[in-house]
Amino acid sequence: MDKWLIDQVNDALRELITVARKLSDDNTTSSIQSNGTTYATQLPTQYAALDDDDFGEIRVAETDSMPVSKEALDSQRSTMLFLQNVVSFRLSGAKYQSQSLLPPRDANLLNSFLSAEGIRMIQLGRVVCDAVVNQQLQLSFQAIELILGTLEEFLSSYAYSRDEGLYLLVLSFLHCSASTWLADELAESEICERAINIAQHVVKRATSGNDKSWRVRLHVIAFLDEYCEYQPELELWRAHAKNDDVPAPTPPDALATLLGDQDLRVRVRAATSHPEVLYLPNMATHNHQNYYEVTLSDLSIDYDAFNFSITTTLWRLNCCIVSGFSRNAALFHLHEIRFFTPIYDTLLTRGLEVVAARLGLSSVQVLWNENVQLVGMGLLGSGFETIELPPSLSGFTDKKARAEAELASLAPALIVLDEGGGLTYLTKLCEEAGTTASEQILRHLYPAIARLLVKIASTGVDDTQIRSQLFEAISNIPGGKGKPKDAVTKGCTAIAVQVLDLVGPDYMDEGNVAMVSAIEAVQKLEGANADLLRMVSPDLGISFVEGYVPACHIIRALHFLEVKFPFDRFAVCYNALLHLFSRLDIVCSSAEQTRLLYQVGLTVAMYADTFSDGRILQLFILECVSLLDRPDIQSEVFSLVKWGFSMIPESDGGLTRLSDIIARLGRVRRIVNDTMGHQIDDWVQKEAAKWEKSDPIWGAIERSAILWPASMKDQLGVVIDPTFEDIADLVEIGIPSDSMTVCGRLSELIGTGKDVKENKRVFAEQSFWHIKNAYSVDTWTAAGAQAFVASLAEVDGQIDTPESHEEKIIKDLRTKLSKEPTSLAWVLFIRHLLRVVDRGDRPSRVGAYLVLRQLRPTMGDLIERSILPQTIRKEVELLQSPYPSELIITPVFSSDNLRDAVLTRVDQSEVWLRELAIRLCDITAREQDFFAQLRSFVASPTVDLAPLLPLLVQSCLSFVNRQDKKLIKERQTAIEAVFHASLRNPAVSDGVVHAILDTVLHLRSFKPPYRTDMLGYNHWLKLDFMLLSESAIKVGSFATALLFLEIGKRDDAESSDAEVDLSDGRLQKVSDFIFASPQV
Amino acid sequence: MAVYSNVNDPDGFYGIKINNVKESLRLRLNHEGEHLKAFGLHGADLEAATNGSGSTADLIASARDLHSIGIHRTALAITQSVRTRTDQVPIADDLLFDIAWRTGDWDLPVPPASTSAGAFYSALRSLHRSRDQESVQKTVDVAMKEEMRRLKDLGSERMTDIQNAVDNLLSLREVSLWLGPDVQRALAEGDYNSRELARFSEIGSSARSVLIHCDVRCHMLTGVGIRWLSDCTPPKCLFSLPLNQEKVVISSVT
């Protein structure tokens, strides 16, 4: 709108604009033509306040140090505000008067600024700069040139050489005009050089201690921040540097200098700005740590000087956030502070919390666990023991928990630590964690042997020497049971897996020498494929970890192991993939992810021939597809996925979960970025014809490709036409995120096909229940819901009770293993764990795999006698335990601990379940070692323990000598007491009630070893069935309530030979609910 | 309609020995669907009350009985009279919303979407009041989402509750279908014999869902004829004599 529609308003505003012009143009000398296109070269020459000799007013240190009076400050502030308003009004008026509505080039205003003098010049200059920043005024090239000239002149004059206002104006002008003089086309121009020279002059003065104004130094930092954003390569800064004796520092150096400024305000800003120089392209990632340390060495560290140390701490915290490559060193120094003084504890704890949050980690504990290997070992190397640190600093509530976490990460390195201090510290950690050093040494024996082997193999000695040196080193490990040869022979698979975990950063060598030698080494191996190693070669730096070595040494160590202690290549590959993918699942740092992926690449390259086994290939593809959503590694992972798919036709056909893989691929396609998404689409288009010729792949695509997004599906070139049965199967194997997509096809197909009636039956008995259970508010879609309800309409809303395959399978197993309750318990455990592996979240899956591997020695008999179902047998055959068979974990809890107060926390079902499960594991572990190893799995906060509790109770009562009636009674009484107390507690949550009810129902499906009579299945525990019935009513399990009511009354009748009293108040109340629940 | 059996054993009820005769009679009448007699019992309680107005529970029970036998407006008046009594607010609200949409009372305060009755009332009120089809569909979607959330939380043994949730979803679907472009086009063109509109008067195979659906359908159709005249639907939509007749039939069935 170029003018006001009401003439009077328009006229009034014009008048005001004229007044504003008059007020701001108080100089009659105009050197810039009013049309704003041509400029005179005449510069302001008169300075009324200055003497003719250009010396300006006489200023001495005494007058300079005198504070400005309050009145003078108020006057300056008022003048400034008034001037700002006037100029703003004037420029806005000019803008709205023009047709283009662009900010004007107000030549008169600029002339006023150029011809002003003293404080007036400074004020007007700041207002002009603000107007440019606020997009109210445009600066032409010529205007910038003229202003630069004026500023140069002022800077060189004695009168202004110490003027804070002038320097602030200079920085303000450089800031508002940077986009012009730093433009690419002006890179070689004089104006650019002049501006940079001015900037360098100001920066040099600020960093050399000559500038007494903290405001100027603060603005210098702000300007340098901006400069680094405009010109991250810094080549213009270097190109236009003057050849002075003392050259101006580069922006990173200047920021580093200002980190040690005397003024706290300046240091705080520098502590925030300086770490960002690590983002500059010239700062190679593998140099970050070095740069951090060099900067740190220039800072004086005096922890008694709190004022200085807090800014150094802030800088270190920022270094943790900015770069993963300086993080370990920064974390080391942050934790080191505590060994000198505790006064920074609060600051450090809060700071580390913020760091963890900024890195996207759930807690400081995760940050600690990710870095403990470097930080902990580093501190130990410097003579500091992390055990002395307050646990809150590492995000733990107590030292015991932290010691347990540290043992898991540090134990292998401590066992083989040269200096010998490692074992002493290991013992201390064990004491703190409530375990024994001998147990920990056995637990970490194979990783420790792997470290020793790699260390010896990397010295270049021959096989005989490796063997002798290795055996000697193993024999030096205290507490190691048996001969070294036996230890290596029995654990060669686990050792090989651990050796692969030690692959270090090959990129570190100049010219990738290590990488080339690794590829050459792989090429020489039989059954290997060196190309696969190239696919995952890291192009990013990886933080160096003590004990990790280049791939060529790893290959050497593995070769030695395979020749001297022949192992099953298939088992090594399978277990190594499990181990590495498990680590990848939980690791957050991108550098560590890259390193782990390189380890996966090396494993695949070395054991490429084993991928003909469908189980290995399936595991590999499933895990790789799940990793495609990680932006940092997705391009390398995608290469591996493509290779994996190309191997499917060559595999032995054991890929039972191809439909799941295809479904996952579609799921990943929805969440990856556009670039990766298009790559996936292109790949599908390219491979579609090949896949069509492969029965397993195409069969899976026909079943699952309906879950793909349309853009991906279109690439197949054919219309996928699954049947209702295919979709119903998908619903069964699906996960929540797909349920709404599947609903659409389900409703379309339910009324089609040969047997519509059967379709409807399947929906009412199976699909409905799967969709109901998979429903999630997050994945809900209106279209999916409409489709679901449309399917319900097809069956006239008639839903049948769910058909349970699970019950059928358990019934078969029960019949088959009726005389072997312990074998039955094992089989049920294995089935449950495999289900977690299939459908659980990542941490639960990792835990379940680890337990399955530990359980492997126990499975020998079950596999040999074909007790395990064929499908399960195939899945577990390749598993290998990561621990020596001699490892015996001492249980912590006994039956008495079932009275612990923590089990009264029935309002929190997760806590109650976890604490009870841990205790049951420990109690059962007294007869069966495996349960002590299961402890870590059930202690994990992510594992859903509700389905596991029935198995644990069953095991606790089954793995016991049936003749030991006292022990049986003791356990029964303890569990009964927990159940009764929990159900009677008025605060009991539905989750706890469900868990107890499900446990009792589960037990009824089996006979206890100590009761072989017909109705023995009712006597696992002696429970108050009326109480159970009342609890079942609370959670709406009416059929269960009726069942318990009947059992309870029958038991009463049996025990007392009396008639059942139907007028019992409790009985009546429960019966009312069951038969006459007032539901409308 | 009250659904009494959670365990597919309705005769099991008669095996319960209840000492309190009055309570026993009340439960039996409810169990057998004798709502008129139950109203007699609750009415007698109210008449015999010493405080003059009777207990809130008796009033709500009476209203529920009346609602069950199709005397909705009287039930609504009773429920509204006890709604402010704090101890029974959630129960009274559910009953109130349940009756309100049947009696065409759209002036109740905005109900919470967290209850089935509230969400369904919101959806129907939006259908009757709003000129913006999109906002109506949004309200229906919210109601559907909430109902599915409730459905997920129900254990497999709560068949009665699950069936109720399924019925609610099916009812919401009827509203969605009504909002569909084909039906709206037929309404706009005055094509009252079209297939799209005819399906709203069809009776399906399942007696239970028919009763639920038809109640909803009749309300939408009578809404066209009666309520919408004063709101936003053009007068040419005044049709549906046969549909109104059907409502009479269905009401008597209910």
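Within every chain, numbering begins at 1; the chains are lettered A, B, ... in the order of the sequence lines, protein sequences first and strands thereafter.
For A/Ala790, the parts sitting under 4.5 Å from any heavy atom of chain B are the backbone and the side chain alike. Contact of B/Glu147 with chain A is not made at all, since no heavy-atom distance falls under 4.5 Å. Residue contact with chain A, scored on non-hydrogen atoms closer than 4.5 Å, is absent for B/Leu177.
With a 4.5 Å cut-off on side-chain heavy atoms, A/Tyr775 and B/Asp153 do not count as touching. Side chains of A/Gln786 and B/Met144 form a contact here, defined as non-hydrogen atoms less than 4.5 Å apart. Counting heavy atoms from C-beta on, the side chains of A/Lys772 and B/Ile162 come closer than 4.5 Å.
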Practice item. Walk me through it: do A/Val789 and B/Leu172 pass the test side-chain contact (heavy atoms from CB on, under 4.5 Å)? Key: CA-CA 9 Å; A/Val789 186; B/Leu172 287 166; over 6 Å; no
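Considering all non-hydrogen atoms of both residues, A/Leu792 and B/Val166 come closest at CD2-CG1, 3.9 Å. Here the closest heavy-atom approach between residue B/Met159 and residue A/Asp800 is recorded as CE-C, 4.3 Å.
A donor-acceptor distance shorter than 3.5 angstrom exists from the side chain of B/Gln163 to the backbone of A/Gly797, with no hydrogens or angles considered.
Atom NZ of B/Lys152 sits in a crowded spot, with more than 12 heavy atoms from other residues, nucleotides or ligands closer than 6.0 Å.
In this structure, the separation between CZ on B/Arg149 and OG on A/Ser776 is 12.0 Å, given to the nearest 0.5 Å.
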